[in-house]
There are 2 protein chains.
Amino acid sequence: MIDVVLADDHPVVRAGLRAVVDSQPDMQVVHETSTAEDLLAWLDDGGQADVILLDLRFGDARMGGATATGTIVRRHRTPVLVVTTYGTDADILAAIEAGATGYLLKDAPTDELARAVRSAAAGEVALGPDVQRRLLGRMRSPSENLSTRELEVLRLVAAGRSNDAIARELFVSVATIKSHLAHINTKLGTRSRTAAAATARDRGML
Amino acid sequence: MIDVVLADDHPVVRAGLRAVVDSQPDMQVVHETSTAEDLLAWLDDGGQADVILLDLRFGDARMGGATATGTIVRRHRTPVLVVTTYGTDADILAAIEAGATGYLLKDAPTDELARAVRSAAAGEVALGPDVQRRLLGRMRSPSENLSTRELEVLRLVAAGRSNDAIARELFVSVATIKSHLAHINTKLGTRSRTAAAATARDRGML
DNA sequence: CCGCCGATCAACCTTTCGGACGATGCGCCG
DNA sequence: CGGCGCATCGTCCGAAAGGTTGATCGGCGG
């Protein structure tokens with residue numbers, strides 16, 4: 001039997017996760033908390049769990065999901081499965097770097113969730129298909145390979161400047177800016193300045 | 001007995017709403033759908049409900065929650081209770097203008113949800129406390145002169161979509177998007193989509 | 001009832017971008 | 001030394017975006 005703990009500040013979502021987990025014959029919810037602090041307190045108090053389902057976005061809570069994940073993994077070595085609504089690349093990366101065993105989006109079908117819980121309990125990594133796709137996309141375009149000049153241009157693009165304005169601002173010709181932008185779009189896998197700016201924001205590279 | 005229909009593209013949230021509703025002695029879930037189209041189809045097919053719990057954000061679905069709300073209210077006169085995760089002012093306004101009977105955030109406690117369902121079934125308006133506070137805040141500062149539609153377009157622009165993509169997403173022609181964008185640029189004092197997106201971010205209108 | 005506004009679309013034209021070449025110079029590293 | 005990546009510029013062309021004007025339609029308020 002897999003003992004699962006839920007940590008989510010949305011009562012409705014907690015009820016949903018509980019329903020999904022309890023409907024599985026081989027797992028059960030043993031505890032629920034609505035804040036990361038409560039979760040930590042429960043664990044420190046001797047609470048035992050096989051898997052923790054954690055929401056990355058704790059409303060306006062003091063402790064973020066990523067921080068909580070790091071603390072839990074370090075202190076209790078319990079597998080943390082991050083289940084959140086929106087998956088910006090930065091969030092996902094942060095969670096994984098913090099030591100999360102898996103990352104699922106809330107729009108994942110229930111059987112996928114159950115599978116992820118079993119994988120996590122077994123100590124395996126469990127990433128949702130969406131998440132895997134995102135990570136792959138990130139690999140294909142390793143973002144950080146933007147040169148300093150390209151990043152400089154990208155920042156100005158994101159600020160809404162035109163090529164001409166950027167050229168004047170950087171004391172180069174428009175052709176150069178276009179060239180940089182072409183490289184940026186190639187590296188980020190985008191097709192327009194606006195998409196590049198949006199992607200850059202998502203990845204927290206500004 | 002209050003018959004409730006759920007419309008949400010997140011399986012977990014659907015399970016959560018179902019758990020909450022079914023735990024109340026005076027209400028029950030009679031149908032679930034994951035898209036607005038399915039919901040409309042079910043209603044058109046003779047489905048009867050006392051209250052509809054609808055998610056405003058239907059992933060990448062073709063029909064937005066606000067549009068769906070309008071159609072349902074006009075065609076079937078069934079009270080629609082919008083239950084969504086994040087409450088942007090524009091979202092709330094759009095939903096209410098479309099004729100939603102109530103608006104709740106998903107982080108609302110379960111008893112508040114149950115109360116809202118009863119109010120909606122009785123034909124009363126049911127706005128969560130958070131929502132009411134937001135509306136008041138909005139009254140004080142009339143935000144921007146941007147219409148809800150323009151704001152919708154602006155958001156997609158900021159997400160990096162092309163005019164063509166936005167047009168397909170909103171089911172209108174490219175000419176309309178260009179028209180909206182022209183108005184947006186006039187109102188914001190910008191000269192390009194990227195600048196408009198940047199300005200919008202600065203002013204926190206997304 | 002009439003006027004105004006928001007949403008929708010169209011046609012036309014100008015400007016800006018983006019893609020696909022190629023070219024030069026510079027610094028770094030094996 | 002000889003690549004290699006980076007930054008710089010150029011041209012050509014097609015695609016996308018922006019500006020202008022004008023039109024229809026529905027709702028809402030005076």
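All values reported here derive from a predicted model rather than from experimental measurement. Lettering of chains follows the sequences in order, A, B, ..., and the numbering in each one begins at 1.
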* Asked: Does a sphere of radius 6.0 Å around CD in A/Glu169 hold more than 12 heavy atoms from other residues, nucleotides or ligands, not counting ones at 6.0 Å or beyond?
  -> yes
* **Any A/His183 side-chain N or O less than 4.0 Å from OP1/OP2 of D/dC6** => no
* Is the side chain of B/Arg201 donor-acceptor paired with the backbone N or O of B/Ala158 at a distance under 3.5 Å, no angle test? -> yes
* Lys/Arg N to Asp/Glu carboxylate O, B/Glu152 vs B/Arg155, below 4.0 Å -> no
* Asked: B/Leu181 CG to D/dA16 P: how many Å, rounded?
  -> 15 Å
* **Near-strand residues of residues 152-176 of chain A, defined as heavy-atom separation under 4.0 angstrom from DNA chain D** => A/Val172, A/Ser173, A/Ala175, A/Thr176
* Asked: Which value, rounded to the nearest 0.5 Å, describes the distance between B/Thr78 atom OG1 and B/Ile52 atom CD1?
  -> 4.5 Å
* Can you find a side chain N or O atom of B/Arg191 that sits less than 4.0 Å from OP1 or OP2 on D/dG18? -> no
* May I ask you to evaluate whether A/Thr148 reaches the phosphate of D/dA7, defined as a side-chain N or O under 4.0 Å from OP1 or OP2? => yes
* To do: May I ask you to decide if B/Ala175's main-chain N or O and B/Ser179's side chain share a donor-acceptor pair within less than 3.5 Å?
  => no
* Asked: So, is B/Ser147 close to the C/dA7 phosphate, meaning a side-chain N or O under 4.0 Å from OP1 or OP2?
  -> yes
* Whole angstrom is fine here: how far is it from CD1 in B/Ile177 over to P in D/dA16? => 15 Å
* Donor-acceptor pair, side chain of A/Asn185 and main chain of A/Ala196, under 3.5 angstrom -> no
* Go through the structure and list residues passing salt bridge (Lys or Arg N to Asp or Glu O under 4.0 Å) with B/Arg168, not counting sequence neighbours. => B/Asp164
* Could you check which of D/dC12, D/dG19, C/dT8 has an atom nearest any side-chain atom of B/Asn185? => D/dG19
* **Under 4.0 angstrom between B/Arg193 side-chain N/O and C/dT16 OP1 or OP2** => no
* Asked: Taking the side chain of B/Lys178 as its heavy atoms from C-beta onward, which of C/dT8, C/dC12, C/dG18 lies nearest to it?
  -> C/dC12
* To do: Quickly work out the B/Ile184 CD1 to D/dA17 P distance and round it to whole Å.
  => 13 Å
* Interatomic distance where CZ belongs to B/Arg149 and C1' belongs to C/dC9 [whole Å] -> 13 Å
* Please work out if B/Ser179 contacts a base, only the sugar-phosphate, or nothing of the nucleic acid, heavy-atom cut-off 4.0 Å. => base
